[in-house]
Novice: 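Please read through the structure below; I'll follow up with questions.
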Amino acid sequence: MKHSVILRLSLALVLFSLCGNLSAQKGELSVIPIPTEYELGEGEFVIDQHTVLYADPTESEVTHIAEGFQQQLRTVTGMLLPVMPLEDFEDQQNAVVFQLMPDEELGAEGYQLEVTPNHILIKANKPAGLFYAVQTLYQLLPPEVVENEVVRAVDWTVPAVSIIDVPAYKWRGLHLDTGRHISSIDFIKKYLDQMAAHKLNTFHWHLTEDQGWRLQINKYPLLTEVGAYRDSTLVGHYGTGKYDGKRYGGYYTQDEAREIVAYAKDRYITVVPEIEMPGHATAAVASYPQLGNTDKPVKTVTTWGVFPDIFNVEESTFDFLEDVLVEVLDIFPSKYIHIGGDEAPKDQWEASERIQFKIDSLGLKNEHELQSYFITRIEKFLNSKGRQIIGWDEILEGGLAPNAAVMSWRGEEGGIAAAKDAHYVVMSPGSHLYFDHGQGDPDQEPLNIGGYLPLEKVYSYKPTPDALSDEEAKYIMGAQANVWTEYLPTSDSREYMVFPRISALAEVVWSGEDHKDWESFQKRIPQQLKRYELQDINFAYTIYNVEIRAKYDEKAKDFEVVLHPQWDGTVHYTLDGSTPIAASAVYEKPLKLKAGKTVKAGLFDDSELKGSISSETLVIPKSKN
Ligand code: ACM
């Protein structure tokens, strides 16, 4: 009896260290984003009722971080581990040590984490690094550690590992459009919690839109009394022409916005507010018609798209915008203030005598130069208050304001041009980082704006374009994914678009090109999905589905059909219309099929269907001639 236990134990140890080594080679640590350097060790650290946390009591941020860990462990284990002064730590066993330590290499956000069976040592140059180390620690623990109630029958073990982790980019952003549909404060807090868990550090809060002005401005109460509401909302996809006839709206009080800023700060996240100008301004013009270009009454918009009612360039309009910004600056301490700048149609400016007179009197060539004048004036104002502007890449048109940073969304060209011109850049191209786009077969997806952005494509994104020299590349601050909410009216719908693509984003911006690895990521994502599940996150299951890629060969008059899973496992398919099961044909190589066939396919793991069945009937594409 005893013998066999020992035998089993030593077998387990051999297996463990073998797996450990294999994992180390393949990068299968259960951590997302994958650390930039790590090595698995032998054995594991066990958190139990005798574990002691150590932190320097004179460093309040460090103590706060240690106490955050203490509280989360209390939530799931019921144990309250003591936090003792760092000076009492003399290499005792069963200790978790939080320590600041000057180390330039770790920078403002990097950390070192050493886990042995005896202790967990966390070191960082700055508190943010310790905070990120704790996020890693949560992921090394069993996934149940993220729950918000006591979990029984879990061993709170951490595998021995040595990690040095430094982010590739300093702007690791996620955006949320609260103009088209408003998110509750609770939802935004959950969003920020998840951003922090993924080591993202910039929350771009899109606050003003044609369809709703969402921030209370004390000096201009009509912005929220009028501009925060619309009479109706488009139902379904653009072009249905159907409206729900229901008044919709809401806004954030300044106190609520401050609460979000503080909540974010506690998680080392900067909130960058966006106040759109000169376009996407209909709700503002509806509230204060003197800001617009025509005498026609304007209402907050009820549908989606780009709209003509942009701000005029009267001095009184600049006074208004400066007043608004003064209140914005008082709420948001961020270095960057996003001033929009995108999608401002110039029709009303072209048609306005006053605007044309202004263009002439300023010696400008056209409306693009007027927009540049507009943005440059706002930049001067914000610079005078110690802030910088960032805007969508349209702010390049007509000349970039001298100190502006550019958020490149219409591809990378704007970002490349700005970096070459020594302006800071955040990459956010629609092709790879628009999380409002679909992520699977449209037949299987909830309503969305369209497009196709599977997890793997997000993962493939590289924020620094090859077109830049090393010197120019320094201007790429990082990247950000955008979540536009035209078709995302509920918390569930927004979560569906964000998760798990946020995991891919995290590796793009934190692990970076040199350390990310799609194969390894695929192996680590199931654990991440488990965490999402435990936190009631409505993530997209689409990543478990098989994508059917059919290409018609004109000459051979048949289709080549590739069945592409995003995932390890076995693809089973049928061609007779029946639903694939584990006994159906196994996909091994591209299929040659005639028009009219219906392909159905699913991804199986140990005979179990992972996602849902994909189906496509092959139809010869219409000839272009
Ligand atoms: C944008 O998507 N209009 C920036």
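Note that the structure is a prediction, hence the values are computed from the model and not measured. In listed order, ligands and their atoms are each counted from 1. Both backbone and side-chain heavy atoms feed into the values below; hydrogens, waters and symmetry mates do not.
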Novice: Below 4.0 angstrom from a heavy atom of Glu343, which ligand 1 atoms are there? Numbered from 1 as shown, please.
Specialist: 3 (N)
Novice: Enumerate the atoms of ligand 1 whose separation from the nearest heavy atom of Tyr434 is less than 4.0 angstrom.
Specialist: 1 (C), 2 (O), 4 (C)
Novice: What is the ring orientation for Tyr373 with Phe318, classed by angle as parallel under 30°, tilted 30 to 60°, or perpendicular over 60°?
Specialist: perpendicular
Novice: Compute the ring centroids of Trp484 and His175, then answer whether they are less than 6.0 Å apart.
Specialist: yes
Novice: Just jot down the ligand 1 atoms closer than 4.0 angstrom to any heavy atom of Trp484, in number order.
Specialist: 1 (C), 2 (O), 4 (C)
Novice: Tell me, which protein residue and heavy-atom name are nearest atom 3 (N) of ligand 1, and how many Å apart are they?
Specialist: Asp342 OD2, 2.6 Å
Novice: Does the Lys NZ or Arg CZ of Arg267 fall within the cation-pi geometry relative to Tyr263 - under 6.0 Å from the ring centre and within 45° of the axis?
Specialist: yes
Novice: Using the benzene-type ring in the case of Trp, are the ring centres of Trp392 and His206 under 6.0 Å apart?
Specialist: no
Novice: Looking only at distances, please establish whether an N/O atom of ligand 1 is found under 3.5 Å from an N/O atom of His280.
Specialist: no
Novice: In terms of ring plane angle, is the pair Tyr487 and Trp304 parallel, tilted or perpendicular, where the classes change at 30° and 60°?
Specialist: perpendicular
